[in-house]
Amino acid sequence: MVNDYRSCSECGEYRKPALRKNERNRCHNCADKTHSHGHCWICRQDDLPLEHHHLAGKKHAHRTVPICLNCHAMLSRRQYQWPDLWRRDPCVAFLFVGFMDYCALYTDPTMPMEVLSEKSQQMAKDTIWTAIDAVIFLVKVMPLVIVLILGLKMARASAQNY
């Protein structure tokens, strides 16, 4: 049976960014002869050619993760969908965006590019709203904690005076 979409003739990889442009039927992993091999942190397979992916891009932060060439192509392609600010000014906030992309692809390494973009954006929104909820909770609880601490200090001081 012939696939109705382009895929790697050796491993069956079908995600567009992972397929080589100049070799129509091979993915980056199968075509590679130069990279050292190891365990990919995203697709969790062993003995694949690895590269170190800069989560926020080289310009913004030096945090990297070892991933196979196919997963690296997916995440690098996703970075080009980020706001144009990413290409101009250094900003460590892109480490957060890159980590969300990494987490989204980690949950399902086979997801197509379009789904990765949507899922990563939704994860980022959910994380931001969770952080906002945590700050609101702290603002509500902190006065009570301060009163409790002051009350304990005053009780200890009065106990020491007797």
Side-chain angles (χ1 to χ4, degrees), residues 1-139 142:
M1 178 174 185
V2 178
N3 293 332
D4 59 350
Y5 54 86
R6 203 173 128 214
S7 63
C8 178
S9 60
E10 293 181 36
C11 70
E13 172 68 70
Y14 61 89
R15 299 174 297 172
K16 287 180 184 176
L19 298 173
R20 295 176 60 93
K21 290 182 175 102
N22 57 352
E23 295 180 47
R24 293 200 45 86
N25 295 326
R26 293 183 83 194
C27 67
H28 294 290
N29 285 348
C30 293
D32 182 73
K33 302 287 186 236
T34 60
H35 291 82
S36 62
H37 286 226
H39 179 80
C40 176
W41 283 22
I42 291 182
C43 62
R44 300 177 284 286
Q45 294 181 21
D46 291 319
D47 198 32
L48 292 176
L50 299 179
E51 287 185 325
H52 286 275
H53 175 69
H54 290 83
L55 288 172
K58 288 181 186 179
K59 183 190 299 186
H60 304 290
H62 298 289
R63 301 285 183 246
T64 63
V65 289
I67 57 177
C68 71
L69 304 182
N70 290 351
C71 292
H72 191 229
M74 289 288 291
L75 289 178
S76 294
R77 177 77 56 92
R78 173 71 183 114
Q79 285 179 335
Y80 286 101
Q81 295 175 344
W82 291 358
D84 286 339
L85 172 69
W86 172 70
R87 292 188 192 95
R88 291 192 310 253
D89 304 320
C91 178
V92 77
F94 283 108
L95 186 58
F96 171 75
V97 178
F99 184 68
M100 288 296 109
D101 288 346
Y102 172 86
C103 290
L105 191 58
Y106 181 84
T107 60
D108 181 7
T110 63
M111 79 173 63
M113 191 67 199
E114 301 78 26
V115 177
L116 172 63
S117 298
E118 292 172 14
K119 187 167 184 174
S120 178
Q121 290 171 0
Q122 186 59 48
M123 287 176 73
K125 287 176 187 174
D126 292 347
T127 303
I128 289 169
W129 282 113
T130 302
I132 289 170
D133 288 343
V135 169
I136 291 170
F137 173 76
L138 288 174
V139 167
M142 284 309 288

With no hydrogens and no angle check, is any side-chain donor or acceptor of [X] less than 3.5 Å from a backbone partner on [Y]?
{"X": "Tyr14", "Y": "Thr110", "answer": "yes"}
{"X": "Glu13", "Y": "Arg15", "answer": "yes"}
{"X": "Ser76", "Y": "Ala73", "answer": "no"}
{"X": "Asn70", "Y": "Asn29", "answer": "yes"}
{"X": "Asp46", "Y": "His39", "answer": "no"}
{"X": "Ser9", "Y": "Asn25", "answer": "yes"}

Exercise. Going through the distances and angles, do Ile67 and Glu51 end up as a side-chain contact (heavy atoms from CB on, under 4.5 Å)?
Worked result: CA-CA 6 Å; Ile67 57 177; Glu51 287 185 325; 5.7 Å; no
For this session: Could you tell me how the ring of Trp82 sits relative to the ring of Phe94: parallel (under 30°), tilted (30 to 60°) or perpendicular (over 60°)?
Result: parallel
Problem set entry | side-chain contact (heavy atoms from CB on, under 4.5 Å) evaluation trace for Arg26 with Leu19 | CA-CA 6 Å; Arg26 293 183 83 194; Leu19 298 173; over 6 Å; no
Problem set entry | His37 atom NE2: more than 12 heavy-atom contacts under 6.0 Å | yes
Exercise. In terms of heavy-atom contacts, does CZ of Phe96 have more than 12 from other residues, nucleotides or ligands at under 6.0 Å?
Worked result: yes
With rounding to the nearest 0.5 angstrom, report the [atom1] to [atom2] distance, [X] to [Y].
{"X": "Lys125", "Y": "Thr130", "atom1": "NZ", "atom2": "OG1", "value": "14.0 Å"}
{"X": "Asp108", "Y": "Lys119", "atom1": "CG", "atom2": "NZ", "value": "6.5 Å"}
{"X": "Cys27", "Y": "Leu48", "atom1": "SG", "atom2": "CG", "value": "9.0 Å"}
{"X": "Leu55", "Y": "Leu95", "atom1": "CG", "atom2": "CG", "value": "6.0 Å"}
{"X": "His53", "Y": "Arg78", "atom1": "NE2", "atom2": "CZ", "value": "11.0 Å"}
{"X": "Gln79", "Y": "His54", "atom1": "CD", "atom2": "NE2", "value": "9.5 Å"}

Exercise. Can you tell which of Pro17, Cys43, Cys68 makes a side-chain contact (heavy atoms from CB on, under 4.5 Å) with Met74?
Worked result: Pro17
Problem set entry | Shortest non-hydrogen separation from Ala31 to Arg20 and the atoms involved | CB-CD, 3.1 Å
Problem set entry | Arg44 to Tyr106 six-membered ring, cation-pi geometry met (6.0 Å, 45°) | yes
Exercise. Should Leu69 and His35 be marked as a side-chain contact (heavy atoms from CB on, under 4.5 Å) after you check the CA-CA gap, both sets of side-chain angles, and the distance that decides it?
Worked result: CA-CA 9 Å; Leu69 304 182; His35 291 82; 3.9 Å; yes
